[in-house]
Amino acid sequence: MAQAAGNPAAGPDGGQAMRLELERKRLSLRVLLETAQELSGILQPRKIMETFLLTAMGPIGAMRGVAVLARPTACEGMVLSRGLPEAEAEALEQRLPDICDAYFPYRDLDGDFPASKIRVIRRDQAGGDSLLPRGMDILLCFSVDEEHCGLLALGPLLAGDQTGPDAGLDADASSLLHSLLHLLIGALRGALAVNSIRQLGVDLGRKNDRLTEALASSQAAQRGLDRRVQQLAAINELAGELAHPQGVQGILDSFLLTMLGAFGVGCGLALVLDRATRTVDMAVRGAPDTGLSVFGAADVLVYKAFTATGARTMAPLTVESVSDPATALAHSGLPFEGRYAVYFALDRDVHGVLVLGETISGEPLGDEDAQLLRVQVGTLLGYVQGARHFSVITALNDNLQKRNEELTRTVTELTEARQTIDLLERAGERVRTFLHAEGLRSKRFSWLDCGVILVAAMLLGFLFNLASPNGVPLVPEHLRRPPAQSVTAQKARELQQSEGAIIVDARPQAFFDQQRVLGAVNLTPALFDMIYLMRFAQVPLSTPIIIYGGNLSRRWDEDVAARLAAREHERVLVLEDGLPAWVARGYPVEP
């Protein structure tokens, strides 16, 4: 008993205090255990902060509480509150940047947080004293990791001294609060780490998807480049093959074969139609000919292709894609279903169409392939035009060769005729000498003498025409044909300016070089056929043609007018009074 009396803790009051102390510790441990259990299964930082704030306010006995989790470097984060009015809580969230500046300034020179993770701040020492509601005197700052830090503000307390160093908390409550904060820090670190790992996984997945897409795009681009290289190589070989002169049919055959190989198409058709000559050049690959080589059937196909382009007129040397060729060219005689078609026009009379069927792979042609196809069709126009010009030049050369042969024969005949004429002239001279002698001898006129002279003249004329291919007709040719329609100089000038009338100088080259109407074309009867082919073959038959040039004995203008009219030109006119009338009106001449 003495021992019990000597030890105060062994008395009744001491045992009560010990039991209270043990009960407090047991309660603290239970709070820590329950808090750890509550926070262990939460991975959202906001949910963790909300759960912690609710859990911490009860054991401490705080009426209100504020929890802040922020990234001070970016002045961003979250503000959670308990026991505050809604308006005051919203205002507190708006003050997050100011709270970061006021309560998180304790970084060292390297920008890192101090080693101590939790700091107690007295309200009267805080720079942001006016930022938090009054009565919240328990302020603790803590760091979570290198980027995140937090603030916990509690108060007022239900009971306790508000003047202590920990703002009314005893040692046990302060220790409990610090332990709870350590649990919060651990839970936040785990949640932030898990979220970082998840975000990293999402980012890696996105990057992997982007890399997969980039790889697929790169492979597709490589395949496209390989196909383009193959196409360009085939087109380059085609250019070398078509550089040699050949006909339109040969060009179409080579072009179509190259296009089918370059674009991987199984069948196709290339057709060129000349409405002026009503001729058709056509190449077909991979399908039989169903009669499109006939002008009428080919004209229907070309017309349908032109209609499907949506254009009203087509300028020369132009190319247009055909919309929906499978429908537009149906029932037009195509031996296959057209998938791609291009309509082109070389000039007013020459038109054509290129039609390709399904690709061998079944994949449609891309926009770049369709554009390349149109470009190649434009190149085809140049080759076709060159072939047509070459054929015209060849025909002109053949014609010139024939005319040279004819001129050679004519010169030979004229030489022989000249010799015959010399003989006839000598015979005539003898006849004239004989007649003169007879006349001097007779010294008188008689009808018999006239008859002899007339018979002799007729005999000489007959012999001359018989010996010369270019004999003198008994009646001039221009007196036997009707005269051409004439036009005054003023009317001719109006036709030239309003309708583009062509002025033709029918005089020989020497007269033409001395003076002529400005812009006139020299077309003489002697060189009519050759100059006509070079200068007038493509002139529309309805264009007015005005001709001048002639004198009392030679009607060059009438001869040229008659030949132009014979070639079905509709408006052939002769200028009244010729070049002098034009000059008298003051109209332009050259040189």
Side-chain angles (χ1 to χ4, degrees), residues 220 223-224 227-228 230-232 234-235 238 248-249 251-275 279-346 350-381 383-384:
R223 289 194 298 269
R227 186 172 63 254
R228 189 71 67 235
Q230 180 183 1
Q231 291 173 350
L232 294 177
I235 292 170
L238 174 65
V248 176
Q249 184 63 50
I251 290 175
L252 292 180
D253 289 333
S254 300
F255 180 80
L256 181 60
L257 183 61
T258 302
M259 292 301 102
L260 294 182
F263 295 99
V265 179
C267 54
L269 176 143
L271 185 145
V272 175
L273 176 74
D274 189 343
R275 290 194 174 98
T279 57
V280 178
D281 292 298
M282 184 184 67
V284 180
R285 291 282 181 175
D289 182 8
T290 57
L292 288 175
S293 56
V294 179
F295 178 81
D299 195 19
V300 171
L301 174 63
V302 172
Y303 178 76
K304 286 187 175 182
F306 169 73
T307 305
T309 62
R312 295 185 177 180
T313 59
M314 183 68 69
L317 298 178
T318 56
V319 178
E320 289 291 341
S321 297
V322 177
S323 302
D324 191 12
T327 304
L329 304 182
H331 309 294
S332 60
L334 275 177
F336 55 88
E337 184 177 4
R339 292 294 183 181
Y340 311 95
V342 178
Y343 173 85
F344 56 89
L346 186 63
V350 181
H351 305 261
V353 63
L354 172 69
V355 185
L356 300 181
E358 186 69 47
T359 60
I360 298 175
S361 63
E363 298 180 357
L365 294 182
D367 294 338
E368 294 183 356
D369 293 330
Q371 183 178 2
L372 180 61
L373 183 62
R374 289 195 298 270
V375 171
Q376 292 309 310
V377 172
T379 306
L380 171 66
L381 294 183
Y383 289 119
V384 172

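Computation of the quantities below employed the complete heavy-atom set of this structure, encompassing side-chain atoms and omitting hydrogens, waters and symmetry-equivalent molecules.
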For the pair Thr309 (side chain) and Phe306 (backbone), establish whether a donor and an acceptor sit closer than 3.5 Å, ignoring hydrogens and angles. yes
Side chains of residues 325-332: which donor-acceptor partners sit under 3.5 Å, not counting sequence neighbours?
residue : atom : partner : partner atom : Å
Thr327  : OG1  : Asp324  : OD2          : 2.9
Ser332  : OG   : Leu329  : O            : 2.4

side-chain hydrogen bond (donor to acceptor under 3.5 Å, both in side chains) partners of residues 262-273, not counting sequence neighbours, each pair once: none
I'd like to check the side-chain contact (heavy atoms from CB on, under 4.5 Å) partners of Ser293; sequence neighbours left out, ordered by chain and number. Met282, Asp289
Ring pair (Phe, Tyr, Trp, His ring centres under 6.0 Å) against Phe336, all qualifying residues, sequence neighbours excluded: none
Can you pull the salt bridge (charged side-chain N to carboxylate O under 4.0 Å, His left out) pairs that have at least one residue in residues 292-306, sequence neighbours excluded? Arg275-Asp299
Apply side-chain hydrogen bond (donor to acceptor under 3.5 Å, both in side chains) to Gln249 and list each qualifying residue two or more places apart in sequence or on a separate chain. Asp253
Tell me which pairs pass side-chain hydrogen bond (donor to acceptor under 3.5 Å, both in side chains) where either residue lies in residues 352-361, with sequence neighbours left out. Arg339-Glu358
side-chain hydrogen bond (donor to acceptor under 3.5 Å, both in side chains) partners for Thr279, two or more places apart: Thr277
Residues that Ala298 engages under side-chain contact (heavy atoms from CB on, under 4.5 Å), provided they are two or more places apart: Leu271, Leu273, Val280
Residues in side-chain contact (heavy atoms from CB on, under 4.5 Å) contact with Ile360, at least two apart in sequence or another chain: none
Taking only residues two or more places apart in sequence or in another chain, which ones pass side-chain contact (heavy atoms from CB on, under 4.5 Å) with Ala345? Met314, Thr318, His351
Within residues 263-274 or reaching into it, pairs that qualify as salt bridge (charged side-chain N to carboxylate O under 4.0 Å, His left out) - sequence neighbours excluded: Asp274-Arg388
